[in-house]
Amino acid sequence: MNAKIAAAKRASELVEDGMIIGIGSGTTVELFLTELKKRIESEGLEILGVPSSYQSKLLAVEAGIGLVDLLECPTLDMCIDGADEVDRNLNAVKGGGGAMTREKVVAHASNEVVFIVEERKVVETLSHPVPVEVIPFSLGFVLKKLEELMKECGSFALPRIRQGTGKLGPVVTDNGNFILDCDFGEIYDPGELEIELNSIPGVVECGIFTDVADRVIVGVDGGETYEIS
Ligand code: 5RP
């Protein structure tokens, strides 16, 4: 927990008065918003933000961040988000919380993108299962295409429809879609896989993020941080 808090606190220090920020989702972002709330209250910062999920929308309101949307503010100053896995080339797998589509949009809308992670999430080669958001109409077709692609990549796994907890049946995203978790094994060319996944008709977005992060703040257990950039 120390590592997460350290990364979240460091990121909160990067936010300046008057900024419009993209707000990711997840438990590390929750800690970031807790830290930012302290600064908003003690320093009187005025911050606007575009949240990437209902989770972060509720937390942003609680933190005293003014909500705006991309129609009003299509360019954001900075995006802060967590990740499930990052490599040293600033590629990441995201979507553990099922919010990767909006997370990718706010990241690409931002002038600077910062991921905040604990050190255990930093790897040499990405291998975390990749979440793929799919419109329900296309489910059978996309399952077949993903199965073929996973086989081509040397994986014997099958795409898994993410199941909800607290409600029966599949997870339904904030966009009304399903999520398929796809274990490709080691991902040697994340950029290529991101393009291939996103070119399947019916796929809305996948959880591979390449060419978008400017830096990663890594928290370590002792409470220190370091950066990958
Ligand atoms: C949600 C995400 C999260 O950023 C990712 O799952 C990391 O979450 P956490 O900070 O809880 O470990 O991509 O869609």
Work out which heavy atom in Thr210 is nearest to a heavy atom in Ile208; give both atom names and the distance. CG2-CG2, 3.8 Å

Quick one: closest heavy-atom pair of Ala107 and Cys79, and the distance? CA-SG, 3.9 Å

Charged N to carboxylate O below 4.0 Å: is that the case for Glu112 and Arg215? yes

Closest non-hydrogen contact found for Ser52 with Val106 is CB-CG2, 4.2 Å

Do Lys94 and Phe115 have side chains that get closer than 4.5 Å, going by heavy atoms? yes

Met19-Ile80 co-clustered via ILVMFWY side chain contacts under 4.5 Å: yes

Leu33 CG to Gln55 CD distance, which is reported to the nearest 0.5 Å: 8.5 Å

Counting only pairs under 3.5 Å, give me each side-chain donor-acceptor contact of residues 141-161, with atom names and distances, residues two or more places apart or in other chains.
residue, atom, partner, partner atom, Å
Ser155, OG, Ala157, N, 3.1
Ser155, OG, Asp183, O, 2.6

Is there a side chain to side chain contact (heavy atoms under 4.5 Å, CB included) between Ile200 and Val132? Walk through the geometry before answering. CA-CA 11 Å; Ile200 300 171; Val132 179; over 6 Å; no

Counting only heavy atoms from other residues, nucleotides and ligands, does the tally under 6.0 Å from CG of Asn111 exceed 12? yes

Modelled atom types, side-chain donor and acceptor of Glu186 and Tyr188, under 3.5 Å: yes

Ignoring hydrogens, what is the shortest heavy-atom contact between Ala213 and Leu90? Give both atom names and the distance. O-CD1, 3.5 Å

What's the verdict on side chain to side chain contact (heavy atoms under 4.5 Å, CB included) for Val61 and Leu67, showing C-alpha distance, side-chain angles and the deciding distance? CA-CA 7 Å; Val61 170; Leu67 298 183; 3.7 Å; yes

Rounded to the nearest 0.5 Å, what's the gap from CZ on Arg120 to CD on Glu85? Could you check? 10.0 Å

Report yes or no: does Asn175 contribute a side-chain atom to a donor-acceptor pair with the main-chain N or O of Asn177 at less than 3.5 Å? no

Are the charged groups of Arg39 and Glu35 less than 4.0 angstrom apart, N to O? no

Donor-acceptor contact below 3.5 Å, side chain Glu119 vs main chain Val218: no

Within-4.5 Å side-chain heavy-atom neighbours: Asp181 and Val130: no

Check the pair Ile217, Leu14 against side chain to side chain contact (heavy atoms under 4.5 Å, CB included), reporting the backbone distance first and the verdict last. CA-CA 11 Å; Ile217 298 177; Leu14 301 177; 3.9 Å; yes

Validation row: Leu193, Pro190 side chains within 4.5 angstrom (heavy atoms): no

Examine Val220 and Ile228 and state if one hydrophobic cluster contains both, with Ile, Leu, Val, Met, Phe, Trp and Tyr joined whenever side-chain heavy atoms are less than 4.5 Å apart. yes

Would you say Lys4 has more than 12 foreign heavy atoms packed within less than 6.0 Å of its NZ? yes

What I'd like to find out is whether the side chain of Met100 reaches to under 4.5 Å of the side chain of Pro131, using heavy atoms alone. yes

If you take all heavy atoms of Pro74 and Ala109, which pair is closest and at what distance? O-CB, 3.6 Å

Side chain to side chain, Arg162 and Leu180, heavy atoms closer than 4.5 Å: no

So CD of Glu72 and CD1 of Ile20: to nearest 0.5 Å the spacing works out to 9.5 Å

Could you tell me whether the side chain of Leu70 reaches within less than 4.5 Å of the side chain of Leu76, counting heavy atoms only? yes

Can Leu45 be reached from Met78 by stepping across I, L, V, M, F, W or Y side chains whose heavy atoms are under 4.5 Å apart? yes

Could you check if a side-chain atom of Val86 sits within less than 4.5 angstrom of a side-chain atom of Asn91, using non-hydrogen atoms only? no

Could you state the interatomic distance from CD (Glu62) to OG1 (Thr34), rounded to the nearest 0.5 Å? 8.5 Å

Donor-acceptor check, side chain of Lys9 to backbone of Phe32, threshold 3.5 angstrom: yes or no? no

Find out whether Val117 and Val216 are in side-chain contact, i.e. whether some heavy atom of one side chain is under 4.5 Å from a heavy atom of the other. yes

Minimum heavy-atom distance between Ile116 and Ala8, given as atom pair plus value: CD1-CA, 4.2 Å

Would you please name every residue forming a side-chain contact (heavy atoms from CB on, under 4.5 Å) with Ala6, sequence neighbours left out? Thr225

Output yes when Lys104 and Glu194 qualify as a salt bridge under the 4.0 Å nitrogen-oxygen rule, no when they do not. yes

Using a cut-off of 6.0 Å, state whether more than 12 heavy atoms not belonging to Asp17 lie near its atom CG. yes

Whether Asp174 side chain and Tyr54 backbone form a donor-acceptor pair below 3.5 Å: yes

Got a second to check how far Gln163's CD is from Phe178's CZ, nearest 0.5 Å? 9.5 Å

Tell me whether Ile47 is reachable from Val114 by hopping between hydrophobic residues (I, L, V, M, F, W, Y) whose side-chain heavy atoms are closer than 4.5 Å. yes

Could you give the distance from CD1 (Ile195) to SG (Cys206), rounded to the nearest 0.5 Å? 10.0 Å

Just wondering, more than 12 heavy atoms not from Glu46 lying within 6.0 Å of its CD? no

Going hydrophobic residue to hydrophobic residue with side-chain gaps under 4.5 angstrom, can you get from Ile179 over to Val203? no

